[in-house]
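Inspection log for the structure reproduced underneath, given as structure tokens.
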Amino acid sequence: METTALQTFTSPVVLFFVLGLLAAFARSDLAIPEAIAKGMSLYLMAAIGMKGGVAVSKSGIDGTVLTALGLGIAASFLMPFLAYALLKGFAKLDRLNAGAVAAHYGSVSVVTFVTAVEILEIQGKPPGGYMVAVMAAMETPAILTGLLLARGMGSGSSSQSTGEMLHEVFFNSSVVLLLGAFAIGIISGAQGFAEVSPFFQAGFKGVLCIFLLDMGLIAARRIMDARAVTWRMATIAIALPLINGVIGTSAAVALGLDVGSAAALGVLCASASYIAVPAAMRLALPEADPGIYLTMSLSITFPFNILINIGLISALATALSGQGAVTP
Amino acid sequence: METTALQTFTSPVVLFFVLGLLAAFARSDLAIPEAIAKGMSLYLMAAIGMKGGVAVSKSGIDGTVLTALGLGIAASFLMPFLAYALLKGFAKLDRLNAGAVAAHYGSVSVVTFVTAVEILEIQGKPPGGYMVAVMAAMETPAILTGLLLARGMGSGSSSQSTGEMLHEVFFNSSVVLLLGAFAIGIISGAQGFAEVSPFFQAGFKGVLCIFLLDMGLIAARRIMDARAVTWRMATIAIALPLINGVIGTSAAVALGLDVGSAAALGVLCASASYIAVPAAMRLALPEADPGIYLTMSLSITFPFNILINIGLISALATALSGQGAVTP
Amino acid sequence: METTALQTFTSPVVLFFVLGLLAAFARSDLAIPEAIAKGMSLYLMAAIGMKGGVAVSKSGIDGTVLTALGLGIAASFLMPFLAYALLKGFAKLDRLNAGAVAAHYGSVSVVTFVTAVEILEIQGKPPGGYMVAVMAAMETPAILTGLLLARGMGSGSSSQSTGEMLHEVFFNSSVVLLLGAFAIGIISGAQGFAEVSPFFQAGFKGVLCIFLLDMGLIAARRIMDARAVTWRMATIAIALPLINGVIGTSAAVALGLDVGSAAALGVLCASASYIAVPAAMRLALPEADPGIYLTMSLSITFPFNILINIGLISALATALSGQGAVTP
Amino acid sequence: MIETVTRKRIEILTDTALVKRVTSAIDSAGITGWTITPVSSGKGRDGHWREERVMGTDKVFVLTIASEEKADALAEKIAPLLSSHGFLLSMWDVQVIRGERF
Amino acid sequence: MIETVTRKRIEILTDTALVKRVTSAIDSAGITGWTITPVSSGKGRDGHWREERVMGTDKVFVLTIASEEKADALAEKIAPLLSSHGFLLSMWDVQVIRGERF
Amino acid sequence: MIETVTRKRIEILTDTALVKRVTSAIDSAGITGWTITPVSSGKGRDGHWREERVMGTDKVFVLTIASEEKADALAEKIAPLLSSHGFLLSMWDVQVIRGERF
Ligand SMILES: Nc1ncnc2c1ncn2[C@@H]1O[C@H](COP(=O)(O)O)[C@@H](O)[C@H]1O
Ligand SMILES: Nc1ncnc2c1ncn2[C@@H]1O[C@H](COP(=O)(O)O)[C@@H](O)[C@H]1O
Ligand SMILES: Nc1ncnc2c1ncn2[C@@H]1O[C@H](COP(=O)(O)O)[C@@H](O)[C@H]1O
Ligand code: NA
Ligand code: NA
Ligand code: NA
């Protein structure tokens with residue numbers, strides 16, 4: 001654990017995130033142009049999608065893959081209920097905002113996942129390539145649960161905007177790009193990937209550094225501006241990744257996933273969306289306050305996961321796998 | 001041919017283009033920021049220019065190079081006449097729009113060329129490095145012919161705007177960047193290129209993937225919005241690349257170019273500009289309708305070339321070269 | 001010197017800068033999107049910072065490093081006095097503008113430094129990695145001197161804007177990014193850098209090419225528009241880099257720096273800021289004319305340094321070091 | 001002298017995600033066109049926001065020129081969404097040439 | 001109270017490629033300055049367009065503030081190009097400080 | 001018919017580096033909000049400038065809607081900076097819905 005935590009904090013990826021946080025807290029004017037930040041996020045999704053697809057084109061799809069997919073989808077559907085209960089009960093949020101926030105915690109953060117993969121690989125526990133598909137599958141179910149919670153069953157929402165929203169949910173740009181690149185990875189395989197790997201593979205960690213620098217800047221600036229977030233909400237933004245991480249990792253180990261994949265699934269459960277879900281919420285629940293859901297997921301949960309929780313989940317996965325198996 | 005077509009469709013470059021088309025048809029909100037797209041197009045032109053220049057710095061300039069240059073320039077000057085006749089006769093376009101569209105089909109598409117080079121290299125028929133110079137030389141002559149056709153000889157256009165237009169034609173950014181980078185490639189040679197090849201060479205195919213993703217999105221969105229394009233125009237947008245491709249390839253083989261270079265010249269003839277020429281037309285013929293020329297060249301001809309016609313032209317070049325030579 | 005000058009002009013990095021100058025003088029519409037240019041400048045600073053940090057993590061900090069740091073800081077504080085005297089005396093600038101321009105010449109240009117490092121490495125005289133820290137340390141002192149000169153000691157400036165300005169000076173984005181990446185390089189060391197080197201190291205020269213293309217475009221366009229710059233100011237914009245370069249190089253050799261580092265320090269002294277200082281001046285001296293200080297530093301001094309002065313300084317450093325040492 | 005006529009110019013600040021709601025209201029008010037311009041940041045009762053395209057917190061201005069009558073119809077349609085969707089609407093008279101097209 | 005004077009503000013939507021036509025009309029009308037702002041997309045009689053910088057289908061707003069007299073001169077100059085070049089022009093009265101510079 | 005009220009719309013062109021001077025003047029005039037939009041280039045008495053983000057020569061429009069009284073207070077505050085800081089200010093009357101929030 002010691003080495004783990006230390007390795008985390010000597011990785012340039014994490015250090016650039018810390019630099020972003022510090023620069024924003026010092027009120028430096030350092031800023032990445034929005035077009036560049038958007039371009040980097042598309043690059044990261046295309047690259048991670050392709051790499052996952054190439055991995056699956058080698059390993060094939062077996063029972064473990066289907067188990068992990070099923071577990072991920074179920075988690076995404078169900079996690080918002082717990083989040084909703086805490087948000088209404090403890091943080092006193094109204095139904096609308098509680099449902100919107102819950103959707104974020106059921107869904108996933110691509111960058112948290114990617115950072116976890118980097119860290120797990122350094123620790124010698126690389127997750128399976130199929131985990132990318134699991135991640136893509138976990139993006140949307142939580143949105144449906146969150147809307148259900150926010151609006152109630154017999155909601156009077158116009159069917160037009162529901163259709164628009166469902167379309168947004170299933171064809172939003174991150175889902176399309178992740179799954180599209182995943183399919184391209186499967187079709188073109190290792191040979192096709194070789195042609196483009198200098199771009200998608202060799203450049204990956206460097207781009208991730210600059211992207212995390214930007215995320216650090218944005219997360220810190222947002223929390224300095226935050227008005228709507230109370231200490232109760234902040235507490236939940238720390239508690240949920242801990243709880244969801246433990247549940248996800250334990251279930252994954254219990255169902256037989258390898259250490260790395262179990263940790264990755266735990267991280268997915270622990271992470272909160274701040275790209276796909278906010279976009280869907282703005283359309284489907286425009287009355288909900290982005291100042292609450294973005295600040296919680298991006299400014300509290302995201303740094304907590306990157307800096308602390310990935311390390312904890314990785315250690316937990318190792319411990320649990322060690323108990324269940326003879327070989328460490 | 002079978003393997004050829006198959007290889008085309010397992011190449012990530014082509015698959016990303018297909019992904020772009022599909023995402024746009026599914027009305028996904030996936031979009032590449034405009035600044036990034038523009039940056040990628042500049043990168044591709046700088047890289048292809050340099051690579052061509054380095055190749056010529058090795059091979060030198062000989063009779064074949066001059067033949068190819070002459071053939072390309074002649075084709076660019078002459079092809080608009082055929083296009084114009086078809087556009088006026090068959091598609092019933094007025095003189096102005098027929099001339100504007102004809103200019104596009106006489107000029108070339110850099111990205112179609114680049115994609116063809118990638119595919120030809122996979123097929124073991126790499127074109128000569130000098131073809132980049134041929135491409136640059138083919139960009140502008142067609143613009144002059146197109147304007148002549150659109151305005152007639154004794155046109156009453158003010159001499160001020162003609163001067164402005166001619167300047168735009170010869171100093172437009174793609175010509176300057178392509179030829180400039182070509183010259184840099186010649187001057188700095190293989191040794192100078194080695195320093196920058198990780199950027200310009202290793203990253204090339206990956207950037208091309210993302211750029212083609214964007215082109216797929218734009219082409220499909222444009223055709224879904226298209227109002228001005230009739231089925232007759234659409235037919236011409238398929239017929240011209242076929243006809244021009246056959247003419248260009250045959251002439252190139254007849255004049256003794258190697259298979260790869262002949263196919264590349266065929267592809268240049270078959271391709272239609274959607275970067276340099278639209279910009280010139282907007283200045284020189286502002287009354288012509290971009291909804292016609294951009295939709296035809298970008299949304300019909302471009303995908304047709306990428307997905308089908310490059311394969312056909314490559315096969316034709318091989319067949320024709322096989323007839324003329326003893327060695328296959 | 002002959003080979004040196006020749007090598008400079010066959011390096012793609014310098015050739016792209018020349019291409020930018022020529023394209024702008026020919027009034028081509030070639031332009032790099034602003035977001036891309038900004039992104040590239042951030043990339044270059046992050047990369048150069050990290051590389052310096054990694055070098056220092058290997059070599060450690062010794063007396064030479066501290067000497068170089070002290071020399072750089074002293075030069076940055078003191079050089080504006082000479083510049084100010086010349087600007088007031090010879091170029092007849094008023095106090096305000098003379099102070100503003102002087103601040104630019106005391107501070108440094110990151111891209112001039114980076115280009116010098118590339119050229120010195122080709123010539124087999126790589127500067128020490130710690131020179132990056134020297135560069136970062138030289139950015140700000142000159143701003144303080146320049147303001148003092150512009151406003152006088154007992155200036156009536158409101159304390160609010162002074163505080164704002166000092167904050168800008170010490171937390172401006174280039175200082176934060178350079179020093180932050182430098183620290184990351186030290187912490188993560190060679191092993192951490194290995195992960196991200198395909199991005200930060202392999203891509204570096206290529207990005208520098210495109211960035212210098214843009215700088216060439218901007219420098220030439222600005223001088224064609226220039227109204228405020230007289231021939232006297234232009235003369236100073238050539239004289240100062242010559243004088244400061246000689247002073248800086250000689251002092252560095254005298255204090256025992258190796259050839260490469262002495263040349264690099266000379267280049268830093270010779271270079272004029274056009275990123276950090278203009279931003280600070282706009283805040284602190286909004287009445288000063290950017291048309292003067294940007295045109296002088298960016299359109300005259302910068303090209304002069306890139307095309308001629310780096311070569312001169314390198315030769316001077318070699319000559320001086322040769323005199324002082326037995327081994328060449 | 002060129003002849004000009006008076007029309008209303010309406011400008012609506014909206015989240016990028018909600019642009020379609022605004023433009024379909026414009027279309028259904030029978031107005032012939034609209035133009036969208038980018039916005040970088042702002043401050044209101046809900047505090048400060050910045051364009052963060054990755055998170056989708058970017059806003060745009062939708063502007064349209066129309067006859068007074070159609071402009072009023074549009075305002076009527078948009079008014080209920082002003083609070084719930086965080087729109088900001090202002091309108092004023094402008095002179096245009098070739099007024100028949102608006 | 002600060003003294004203000006009334007001037008005309010003219011806004012012209014134009015293709016990026018044709019900006020120079022507009023700005024030289026402004027210059028030749030004797031107006032002291034202009035400012036260009038970006039535009040992302042729009043819809044008109046010719047259908048929908050989007051900024052596609054690679055293809056050069058981007059548009060901008062050119063805006064200028066001038067005395068009524070100069071503004072009319074400009075409108076006169078631009079009017080013939082409105083249809084053929086797809087320009088969109090609107091103008092209205094604004095108050096400015098230091099009116100002598102316009 | 002929707003009820004509208006008249007407010008002043010103020011638009012200030014400023015260097016990006018000096019935005020905070022403008023927005024704090026707005027805040028201290030008691031105005032509830034402001035919006036910033038990008039600008040690409042321009043020409044004035046000091047010649048032509050272009051957005052060059054690397055050099056920090058980019059400008060923006062800061063726009064704010066306020067009651068006449070607050071708008072005048074703001075103009076008063078900004079006026080001294082117009083020349084020294086190169087600001088450009090124009091204002092005009094607009095109609096808004098839900099006028100109580102401005
Ligand atoms: N009524 C309108 N209000 C605002 N912008 C318009 C309007 N009509 C047209 N436009 C803009 O002007 C462009 C050209 O219009 P058109 O010439 O009608 O195709 C459109 O794409 C819009 O950006
Ligand atoms: N008459 C005008 N109309 C619109 N914008 C102007 C005008 N005059 C100046 N500007 C803008 O204000 C900036 C500064 O102007 P100046 O202080 O005159 O150099 C210019 O670069 C333009 O962007
Ligand atoms: N008085 C105002 N003038 C200009 N823009 C405003 C004003 N009030 C609000 N805004 C803009 O509208 C957005 C939403 O405002 P609000 O709904 O008050 O949070 C703000 O972020 C600003 O961009
Ligand atoms: Na989650
Ligand atoms: Na062609
Ligand atoms: Na200096």
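The figures that follow rest on heavy atoms only: side chains count, while hydrogens, waters and symmetry mates do not. Numbered from 1 within each chain, the chains take letters A, B, ... in sequence-line order.
Between A/R227 and D/D46, no side-chain nitrogen of the basic residue sits less than 4.0 Å from a carboxylate oxygen of the acidic one, so the salt-bridge criterion is not met. Using a cut-off of 4.0 Å between Lys/Arg side-chain N and Asp/Glu carboxylate O, A/R222 and D/E52 are scored as salt-bridged.
A/M215 touches chain D through its side chain: at least one heavy atom from C-beta onward sits under 4.5 Å away, while N, CA, C and O do not. When heavy atoms are compared at a cutoff of 4.5 Å, A/P290 does not approach chain D at all. When heavy atoms are compared at a cutoff of 4.5 Å, A/A280 does not approach chain D at all. Heavy-atom distances place no part of A/L42 under 4.5 Å from chain D, backbone and side chain included. For a residue to count as touching a neighbouring chain, one of its non-hydrogen atoms must lie under 4.5 Å from one of that chain's; by this rule D/T16 does not touch chain A. For A/I275, the parts lying near chain D are the backbone and the side chain together; criterion is any non-hydrogen pair under 4.5 Å.
With a 4.5 Å cut-off on side-chain heavy atoms, A/P278 and D/T57 do not count as touching.
D/R21 places a side-chain N or O within 3.5 Å of a backbone atom of A/L283 that can act as its donor or acceptor partner.
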Trace of the side chain to side chain contact (heavy atoms under 4.5 Å, CB included) decision for A/L298 with D/M55: CA-CA 9 Å; A/L298 180 66; D/M55 256 73 61; 3.9 Å; yes
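With a 6.0 Å radius and a threshold of 12 heavy atoms from other residues, nucleotides or ligands, D/E69 has its CD atom at or below the threshold. Summarising the local packing, CZ of A/R27 is surrounded by 12 or fewer heavy atoms from other residues, nucleotides or ligands at distances under 6.0 Å.
D/R53 CZ to A/K38 NZ: the interatomic distance, rounded to the nearest 0.5 Å, is 8.0 Å.
Listed here is the closest heavy atom pair of A/A279 and D/A17: O-CB, 4.5 Å.
Annotation: maximal heavy-atom pairing with chain D below 4.5 Å, among A/D214, A/D225, A/D289, occurs at A/D225. Between chain A and the residues D/S84, D/G86, D/G56, D/S40, the most heavy-atom pairs under 4.5 angstrom are made by D/S84.
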